[in-house]
2 protein chains.
Amino acid sequence: MTKQPAIDDNAIPAPDAVVDLGPLSGLTVYALRNAQIALNKDFQHIMAQHDIRPAQFSVLEVIKRNPGLRQTQVSFSVGMKTTNFVPLLDELERRGLAARRPIAGDRRARGLFLTQPGQDLLAQLEQLATEHEARFVARIGADGRAQLLSLLHRLTDPAFDPPHG
Amino acid sequence: MTKQPAIDDNAIPAPDAVVDLGPLSGLTVYALRNAQIALNKDFQHIMAQHDIRPAQFSVLEVIKRNPGLRQTQVSFSVGMKTTNFVPLLDELERRGLAARRPIAGDRRARGLFLTQPGQDLLAQLEQLATEHEARFVARIGADGRAQLLSLLHRLTDPAFDPPHG
DNA sequence: TATTGTTATACTCTATAACTATA
DNA sequence: TATAGTTATAGAGTATAACAATA
């Protein structure tokens, strides 16, 4: 953050007039996008204190909860292609937070584990995540949060997948 | 879609076991992300029928509702930097859907308008968007949708911005 | 000096193709 | 022949710096 102000043409200007968004404001997909961007911005910001991105946090969490899981399963569970998962895990391993170990009975696969430093860092990250969550729950209340999570899960339940796809 | 099957190593495999996501499943930011990805995938798919991306749809919608608005205001209202807005609008103009026109009294600025073909296409896109919305509303009901939109707007109301940032 | 629009550029995320070593 | 992991690469989306024309 030792960056000189420079010229900075690109600050977002405040709008002079209220803009009519039309049907956009009634589209769930747009409301979801806006909310996700807002919360993710905050979440990204607090994780960056420890040089961790949201995707790395979720990977650490899955490894913690499922030690020994193979890469394919971990990457699938966080919605990543294995091809993009490799460099992410490379960095976690390079930083000494996670480790790949051989799996007995299948020399192709690798089981994933957290190191002790990885577990220690994750404990701090979880604390930050809890505070982040509380900050936004304050806006809608505990009941609002419960309703919201329930609605979101129902919305994405694969049992109700839309026709095409 | 005339693409030969080829080898396709990268299909996502179904997981063998249920993976414990730990605190992730209770984090609103992750639930929002998953829901947004699911709905956006569907939305993107139906817009692609007319070779339109979600951002282009929202720009067309804002221009329709606010004809003559300058580029800076349109790009701000859809959350884009003006620098990224330029090529998006270039394409809409090249396809004859939108047009830049001079603004009386300020020769730097350009007012944005829909062409007749742009209006006609947007009418079709709106119909598709309505069907998309209905498809997902079917999962949570009209009441659920109203609750969801209300919760999402409260969550992102700038009047309740979190402390840092 | 500041603003509108623009170009060039870089970085992150995501996606496809193709390889290796094992099974 | 199929699977686990990997490499290389391409495409979106988003970010900053810097410029010309105009205010």
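Predicted, not measured: the structure shown is a model, and the values here were computed from it. Chain letters run A, B, ... following the sequence lines, proteins first, then strands; residues in each count from 1.
- Put simply, CD on Q44(B) is 16 Å from P on dG11(D), counting in whole angstrom units.
- Take the nearest nucleotide of DNA chain D for F85(A) and for I37(A): the residue whose nucleotide is more 5' is F85(A).
- Side chains of T28(A) and L149(B) form a contact here, defined as non-hydrogen atoms less than 4.5 Å apart.
- Between the side chain of T83(A) and the base of dT14(C) there is no donor-acceptor pair of N/O atoms closer than 3.5 Å.
- With DNA chain C read from its 5' end, the first of the two nearest nucleotides for Q71(B) and R33(B) is the one closest to Q71(B).
- Nucleotide dT6(D) holds its P atom 12 Å from the CE atom of M80(A), rounded to whole Å.
- When distances are taken from the side chain of V86(A) to each of dT6(D), dT6(C), dA15(C), the shortest belongs to dT6(D).
- Every residue two or more places apart in sequence or in another chain that forms a side chain to side chain donor-acceptor pair (under 3.5 Å) with R108(A) is listed here: D106(A).
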Run the side-chain donor-acceptor check on residues 121-128 of chain B: report pairs under 3.5 Å with partners two or more places apart or on a different chain.
unit_1: E126(B); atom_1: OE1; unit_2: K64(B); atom_2: NZ; d: 3.4
unit_1: E126(B); atom_1: OE2; unit_2: K64(B); atom_2: NZ; d: 2.9
unit_1: Q127(B); atom_1: NE2; unit_2: E131(B); atom_2: OE2; d: 2.9

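- Contacts between residues 100-115 of chain A and DNA chain D, counted as heavy-atom distances below 4.0 Å, involve R100(A), R108(A), A109(A), R110(A).
- Regarding N84(B), its CG atom lies at a distance of 12 Å from the C1' atom of dA8(C), rounded to whole Å.
- The salt bridge (charged side-chain N to carboxylate O under 4.0 Å, His left out) search around R65(B) returns D20(A), not counting sequence neighbours.
- Taking every heavy atom of residues 50-58 of chain A and every atom of DNA chain C, pairs under 4.0 Å involve R53(A), by number.
- Take Q116(A) and apply the side chain to side chain contact (heavy atoms under 4.5 Å, CB included) test, not counting sequence neighbours, and it matches Q119(A), D120(A).
- For A129(A), the side chain to side chain contact (heavy atoms under 4.5 Å, CB included) partners at least two apart in sequence or on another chain are F43(A), M47(A), F57(A), L27(B).
- Residue K41(B) contributes atom NZ, which lies 13 Å from atom P of dT14(C) at whole-angstrom precision.
- L88(A) has its CG atom 16 Å from the C1' atom of dT7(D), to the nearest Å.
- Listed by first then second residue, pairs satisfying side chain to side chain donor-acceptor pair (under 3.5 Å) with a partner in residues 84-98 of chain B read R53(B)-E91(B), D90(B)-R100(B), E93(B)-R100(B), not counting sequence neighbours.
- Annotation: salt bridge (charged side-chain N to carboxylate O under 4.0 Å, His left out) contacts of R145(B) (sequence neighbours excluded): E133(B).
- The interatomic distance linking N40(A) (CG) with dT12(C) (P) rounds to 15 Å, in whole Å.
- V59(B) and V86(B) fall into different hydrophobic clusters, where Ile, Leu, Val, Met, Phe, Trp and Tyr are joined by side-chain heavy atoms under 4.5 Å apart, directly or via other members.
- Atom P of nucleotide dT6(C) and atom CD of E93(B) are separated by 9 Å, given to the nearest angstrom.
- Atom CE of M47(A) is separated from atom C1' of dT12(C) by 18 Å (rounded to the nearest Å).
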